[in-house]
Amino acid sequence: MIRIPKGCKDMLPSEAYLWHTVEDTARETAELYGFKEMRTPTFEHTELFARGVGDTSDIVTKEMYTFLDKGERSVTLRPEGTAGVARAFIEDGLQGGPMPFKAYYLISAFRYERPQAGRLREFHQFGAELYGSPEPSADAEVIAMADRFLKALGLSRIVLRLNSIGCKACRARYAEALRNFFRPHVDEMCEDCKVRFQKNPMRMLDCKEQSCKKFTAAAPVMLDYLCDDCRAHFEEVKHLLDGAGISYTVDPHIVRGLDYYSRTVFEFTSDALGAQSTVLGGGRYDTLLEQLGAKPSPAVGFAAGLERLIMVMNAEDVAVSERVADCYIAGMDEASRKKAFLLAEELRSAGLIVETDLVGRSLKAQLKYADKLNTRRVIIIGEDELASGEAEVKDMFLSKSERVKFDALAQYCKGGKF
Ligand code: HAM
């Protein structure tokens with residue numbers, strides 16, 4: 001048997017209502033804040049991610065699905081959505097339009113990671129990006145939107161962790177402090193960290209190796225190295241969140257796994273997820289556009305992993321109700337089945353979810369199937385009903401029935417009788 005590739009997951013029809021709940025909530029929340037949907041290609045030129053996501057990130061160095069197409073061009077399945085949105089923002093002339101520019105997306109993304117619970121090779125993201133504002137209010141609006149989205153899903157055990165990683169100037173001073181701190185230990189650290197020590201020592205704080213973790217706990221923290229402007233920016237973001245009643249924890253260990261961030265970074269984490277505890281992450285990235293060769297433009301955004309959100313919803317026992325069929329129409333013989341088919345079409349035109357027999361089952365088997373569908377109302381048609389033009393409508397929960405004229409069935413079912 002041909003099996004699904006490692007690290008991928010099928011979404012089965014029985015789970016669709018959960019996915020739809022998450023996607024509908026994402027769309028509704030984004031639109032409350034004036035974000036409009038944007039779609040970009042599933043693959044891009046490899047260089048976009050190398051330059052955008054950053055060549056010291058694990059994503060670019062280890063995890064990209066990169067291949068040569070038939071024209072010998074190196075292309076990559078997107079590992080995230082931000083770089084593609086940035087490319088489109090520049091290429092489609094959106095940079096010249098009214099600011100701030102706000103876009104959201106629901107995408108699949110691909111990372112060649114070691115699969116485990118909550119970590120897949122193909123996964124899905126809801127993301128949002130805001131361009132054109134350097135103000136702390138833009139950071140706060142994006143964080144408030146993420147918070148509202150998670151609360152609208154009914155999640156209550158999620159913690160917002162907030163940090164500032166400063167600007168280029170303060171990060172240079174911090175990198176020096178980190179090098180001084182790690183220098184006596186670097187020989188005992190993993191091979192990746194030896195490279196990170198030279199290229200981007202902040203990445204060392206994110207290392208998952210036990211041999212490195214024991215050193216990182218006591219490392220200097222970025223917040224002590226912020227310049228006055230970055231400090232004032234961070235204070236204002238916190239002040240706005242306090243005012244909006246959004247609680248958070250300042251966590252100096254949040255550095256994020258992508259290279260494009262500056263100033264505010266944040267993650268929403270859940271204790272229900274085990275090792276992969278981050279359900280949503282984001283931050284400010286004021287230098288990405290410049291890195292891609294465009295006119296500079298400040299930006300801030302986030303992305304949430306849909307599979308992780310669904311895992312947390314299940315763990316927190318969030319009640320999501322699935323819409324079941326409004327009625328099942330059972331036909332007792334050939335002629336009644338034909339009538340059932342036509343009535344089903346009529347009731348669907350009235351907006352009802354209707355099921356009817358398609359496999360030639362006996363009445364008893366049809367009732368059993370209707371029960372499996374969890375349908376409360378069954379409409380039964382036989383010879384007598386065809387002759388009288390009235391169906392028997394049965395309430396399966398109360399074991400009661402009533403006779404209703406064929407042309408009154410839609411009204412009857414919509415009226416919510418039973
Ligand atoms: P990220 O932290 O790499 O950020 O990913 C965002 C979310 O995607 C994570 O919090 C997690 O829920 C989910 N995720 C990431 N990798 C996997 C995986 N292998 N399996 C399942 N879920 C995963 C970004 O992608 C940035 N582009 C976010 C952003 C937007 N920053 C600014 N704008």
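Computation of the quantities below employed the complete heavy-atom set of this structure, encompassing side-chain atoms and omitting hydrogens, waters and symmetry-equivalent molecules. Because the structure is predicted, anything quoted here is derived from the model rather than measured. Every number for a ligand or one of its atoms is a count from 1 in the order of the listing.
At least one N/O-N/O distance between Glu80 and ligand 1 falls below 3.5 Å. Between Leu120 and ligand 1, a contact under 3.5 Å exists for at least one N or O pair. The N/O atoms of Val279, backbone and side chain alike, include one that comes under 3.5 Å of an N/O atom in ligand 1. Between Tyr285 and ligand 1, no N or O atom pair is found at a separation short of 3.5 Å.
At the shortest separation from atom 29 (C) of ligand 1 among protein heavy atoms lies Tyr261 OH, 3.4 Å. Scanning the protein for heavy atoms near atom 13 (C) of ligand 1, the closest one is Gly305 CA, 3.6 Å. Annotation: atom 33 (N) of ligand 1 to nearest protein heavy atom, Glu129 OE1, 2.8 Å.
Defined by atom type and a distance below 3.5 Å, a donor-acceptor pair is missing between the side-chain atoms of Arg157 and Ser270. Side-chain contact annotation: Tyr328 with Gln366, donor-acceptor N/O pair under 3.5 Å present.
Residue contacts with ligand 1 for Leu280 involve N, CA, C or O but no side-chain atom from C-beta outward (heavy atoms, distance under 4.0 Å). If you look at Val300 next to ligand 1, there are no close heavy atoms at all, none under 4.0 Å. The residue Arg121 has no part lying near ligand 1, judged by heavy-atom distances below 4.0 Å. Contact annotation: for Gln125 versus ligand 1, heavy atoms closer than 4.0 Å belong to the side chain alone.
Atom OH of Tyr112 has 12 or fewer neighbouring heavy atoms from other residues, nucleotides or ligands inside a 6.0 Å radius. At most 12 non-hydrogen atoms from other residues, nucleotides or ligands lie less than 6.0 angstrom from CZ of Arg39.
Taking all heavy atoms of Glu267, Arg78, Arg256, Glu63 into account, the minimum distance to atom 4 (O) of ligand 1 is reached by Arg256. The closest non-hydrogen atom to atom 26 (C) of ligand 1, taken over Tyr260, Phe126, Phe268, comes from Tyr260. Taking each of Phe110, Phe302, Phe123, Tyr105 in turn, the one with a heavy atom nearest to atom 23 (C) of ligand 1 proves to be Phe123.
Residues Tyr131 and Gln95 have side chains not in contact (no heavy-atom distance under 4.5 Å, counting atoms from C-beta outward).
Remark: distances from the non-hydrogen atoms of Arg111 to ligand 1 include one below 4.0 Å. Heavy-atom separations between Gly127 and ligand 1 are all 4.0 Å or longer.
Using a cut-off of 4.0 Å between Lys/Arg side-chain N and Asp/Glu carboxylate O, Asp395 and Arg377 are scored as not salt-bridged.
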